[in-house]
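Chain identifiers are assigned alphabetically (A, B, ...) following the order of the sequence lines, protein sequences preceding nucleic acid strands; residue numbering begins at 1 within each chain.
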Amino acid sequence: MNRFSYLRAGDVAEAAREAAADPAARVIAGGTNLIDLMKYDVERPSRLIDITRLPGLRAIEETADGGLSIGALASNTEVARHPEVERRYPLLSSTILAGATPQLRNAASTGGNLLQRTRCYYFYDPGTPCNKREPGTGCPAIGGVNRIHAVLGASEHCIATHPSDMCVALAALEAVVRVSGADGERGIPFADFHRLPGDAPERDTNLRQGEIVTAVELPPNSFGQHHTYLKLRDRHSYAFALVSVAAGIEMDGDRIGRVRFALGGVAHKPWRDPEAEALLQGRPASAEGFAAAAEHVLRGAIGHKHNAFKIELARRAIVRALGQAAAGTPQSQTDKRIQ
Amino acid sequence: MPDNPARAATGGPAPARLGPATSPQTVAIELTINGRPRRLAVAPWTTLLDLLREELDLTGTKKGCDHGQCGSCTVLLDGQRINACLVLAVMKDGSAVTTVEGLSGPDGALHPMQEAFIEHDAFQCGYCTPGQICSAVALVEEGRARAPDEIRELMSGNICRCGAYPNIVAAIQQVLASNGGAGR
């Protein structure tokens with residue numbers, strides 16, 4: 001780990017000001033990803049700005065419109081086990097419990113989960129080129145070892161995936177990310193928070209320099225009854241998703257009312273396709289309908305040497321997850337048996 | 001605290017250390033470690049794991065992968081299990097840390113989880129065991145696990161390369177049963 005200076009920020013304004021003043025500084029909360037990246041010399045911050053003592057950023061509370069606001073410093077465990085999250089947003093709880101381990105979930109923060117970096121092997125290895133780590137050096141994953149990489153929305157510069165499980169639920173739930181910076185506060189719809197790589201894969205999100213994530217707001221619609229998080233991976237526990245699907249449906253009798261679903265493990269951001277959702281609206285819940293929606297999601301998918309299997313896996317996972325959600329039989333994050 | 005026999009035997013200089021011993025850039029913090037308040041000066045880049053092992057000679061907590069993947073560095077921080085390798089000590093000023101050395105009673109009696117690990121032969125080489133035990137103590141406290149499936153899932157952060165898993169699950173089941181359904 002490189003040497004750096006340490007600042008314990010007293011309030012959000014100070015943290016944002018100090019982060020804006022030094023592009024080489026990094027904001028730290030749970031640290032479970034940043035400290036790991038520092039040990040690999042992927043991150044070499046000049047300064048760490050510790051935001052864990054900022055007041056008011058840990059609360060989980062109801063919002064004026066009947067939704068739920070989750071403070072950026074609330075730990076993954078605190079969110080997943082919060083009675084209101086378990087009762088009203090079981091999809092969110094399920095995605096969090098599908099990821100990492102109890103030790104990591106106790107330390108990792110909500111804001112940090114959004115801002116964690118890809119687990120691409122090349123990104124993690126400073127001995128290799130990587131456009132995300134060092135812009136302009138190339139992408140050895142293209143034509144290299146790419147089993148865990150993207151099949152949707154990638155570019156010729158980067159085929160990395162976003163590793164979060166929690167963010168897949170936040171995409172399906174249409175959360176809003178509250179941020180604070182020199183220009184004041186703003187809310188970013190979840191679909192616009194993370195970026196596709198394009199020609200600037202070094203930028204994971206649309207946060208501006210110095211902006212701090214302060215909360216994640218969930219809308220009142222919570223898919224409390226019909227939801228699932230289906231996560232497919234090489235090991236049943238403590239492994240990143242090869243393909244995952246978070247799905248929520250409001251059933252109208254045996255027909256689909258409102259439906260939202262998002263995919264993890266397949267793109268540079270949680271992948272949502274509103275056109276595919278629209279195909280399902282008002283239709284009976286059927287495997288044929290789900291397959292048509294899946295076909296639409298994957299229409300532009302591009303496989304590489306080791307990850308082309310993800311396209312068919314994603315197609316089937318979408319059908320299975322929408323079926324689980326419609327039936328109200330969510331995937332268990334304990335025994336992992338697929339119903 | 002026992003002397004380090006290796007160091008005494010060679011008579012050479014103490015090994016170079018990261019942290020307070022060599023760094024001018026230290027920050028004063030206070031931690032309560034196994035019930036004992038400590039005033040410490042730490043370099044910002046010193047992990048809690050390195051502080052425990054290299055500065056405080058609390059070597060029960062083990063360094064396995066040093067990347068949060070194996071769980072051998074599991075300790076209780078303010079009562080919650082965490083990976084000590086992914087925590088900077090400077091950020092935890094004011095916290096209470098319990099390591100495997102702090103689990104036994106004041107009279108030296110082993111913690112029931114330690115007794116259960118012995119009874120069930122829940123280890124082979126023993127390197128992962130302090131982390132397994134700290135993690136299992138927290139698992140019981142959390143009150144979320146009963147059935148073997150639940151125990152296995154909630155112990156997924158602790159790897160045992162000797163494969164003592166069946167006996168680890170049995171030891172934890174015994175402690176859960178003896179708690180009479182305490183917890184959730």
Side-chain angles (χ1 to χ4, degrees), chain A residues 1-9 26 28-40 42 44-53 75-78 80-81 83 86 97-109 112 119 124 235-240 332-337, chain B residues 18 23-27 29 42-50 65-71 73-88 90-95 131 134-136 138-139 142-159 184:
Chain A
M1 211 183 294
N2 68 298
R3 303 311 183 227
F4 53 85
S5 64
Y6 171 77
L7 173 72
R8 194 173 289 165
R26 290 289 178 272
I28 186 165
T32 51
N33 186 216
L34 180 57
I35 294 171
D36 193 33
L37 290 166
M38 288 163 64
K39 289 183 176 190
Y40 283 111
V42 174
R44 299 179 55 82
S46 60
R47 179 176 223 198
L48 285 187
I49 301 166
D50 176 0
I51 62 166
T52 55
R53 298 183 190 239
S75 75
N76 287 183
T77 299
E78 285 165 352
R81 303 298 197 189
E86 287 189 315
L97 295 175
T101 66
Q103 289 96 317
L104 291 167
R105 294 195 294 263
N106 282 342
S109 71
R119 297 317 197 274
Y124 251 81
R235 288 190 303 265
H236 269 179
S237 292
Y238 197 19
F240 290 100
S332 163
Q333 302 305 348
T334 297
D335 68 20
K336 318 290 166 67
R337 281 186 201 100
Chain B
L18 296 181
S23 170
Q25 291 176 274
T26 58
V27 180
I29 63 167
V42 296
W45 46 86
T46 304
T47 62
L48 178 59
L49 176 60
D50 285 341
C65 69
D66 208 24
H67 289 283
Q69 297 179 3
C70 75
C73 68
T74 301
V75 298
L76 307 181
L77 181 72
D78 295 325
Q80 295 197 313
R81 47 177 163 162
I82 51 102
N83 301 114
C85 72
L86 291 183
V87 169
L88 297 176
V90 68
M91 293 176 66
K92 298 303 172 186
D93 189 10
S95 288
C134 286
S135 194
L139 175 145
E142 290 159 11
R144 294 278 176 168
R146 288 251 134 239
D149 270 349
E150 294 167 328
I151 295 171
R152 278 191 284 270
E153 173 61 23
L154 293 176
M155 287 297 289
S156 63
N158 293 84
I159 308 298
R184 182 176 62 160

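Options A:S332, A:S237, A:G31 differ in how many heavy-atom pairs under 4.5 Å they form with chain B, and the most are formed by A:S237. Between chain B and the options A:T52, A:L34, A:L97, A:I28, heavy-atom pairs under 4.5 Å are most frequent for A:I28. The candidate with the highest count of non-hydrogen atom pairs below 4.5 Å against chain B, out of A:A107, A:P102, A:S5, is A:P102.
For the atom pair B:Q80 CD and A:S75 OG, the distance stands at 6.0 Å (nearest 0.5 Å). Interatomic distance, CD of B:E142 versus OG1 of A:T77, reported as 7.0 Å (0.5 Å rounding). Interatomic distance, B:L88 CG to A:L48 CG, rounded to the nearest 0.5 Å: 6.5 Å. The SG atom of B:C85 sits 8.5 Å away from atom CD1 of A:I35, with the distance rounded to the nearest 0.5 Å. Between the CD1 atom of B:I82 and the CZ atom of A:R105 there is a distance of 15.0 Å, given to the nearest 0.5 Å. Rounded to the nearest 0.5 angstrom, B:R81 CZ and A:N106 CG are separated by 7.0 Å.
Using a 4.5 Å cut-off between heavy atoms, A:R47 makes no contact with chain B at all. For A:N2, the part lying under 4.5 angstrom from a heavy atom of chain B is the backbone only. Of the atoms belonging to B:L139, not a single heavy atom falls under 4.5 Å from chain A. Of the atoms belonging to A:A108, not a single heavy atom falls under 4.5 Å from chain B.
By the 4.5 Å heavy-atom criterion applied to side chains, B:Q69 and A:Y238 are counted as neighbours. Within the 4.5 Å cutoff, the side chain of B:L154 has no heavy atoms near those of the A:T101 side chain. With a 4.5 Å cut-off on side-chain heavy atoms, A:Y40 and B:H67 count as touching.
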Checklist entry - Is there a side chain to side chain donor-acceptor pair (under 3.5 Å) between A:T334 and B:E153 once you walk through the steps? => result CA-CA 6 Å; A:T334 297; B:E153 173 61 23; over 6 Å; no
Next on the checklist: Under the criterion side-chain contact (heavy atoms from CB on, under 4.5 Å), I'd like the reasoning laid out for B:D149 against A:K336: C-alpha separation, chi angles, the key distance, then a yes or no.
Outcome noted: CA-CA 10 Å; B:D149 270 349; A:K336 318 290 166 67; over 6 Å; no
Item to check | Derivation and outcome, side-chain contact (heavy atoms from CB on, under 4.5 Å), residues B:V90 and A:D50 | outcome: CA-CA 10 Å; B:V90 68; A:D50 176 0; over 6 Å; no
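Across A:Q103 and B:S135, no two heavy atoms sit closer than the pair NE2-OG, 3.4 Å. Contact between B:S156 and A:A100 at its shortest, heavy atoms only, is OG-O, 4.3 Å. Summarising the geometry of B:D93 relative to A:R8, their closest heavy-atom pair is OD2-NH1, 3.3 Å, with the distance given to 0.1 Å. Scanning both residues, A:F4 and B:Q25, for their nearest heavy atoms gives O-NE2, 4.3 Å.
Side-chain N or O atoms of A:K39 include none that pairs as donor or acceptor with a backbone N or O of B:L86 at under 3.5 Å.
Classification of B:R144 and A:E86 as a salt-bridged pair holds, one side-chain N sitting under 4.0 Å from a carboxylate O.
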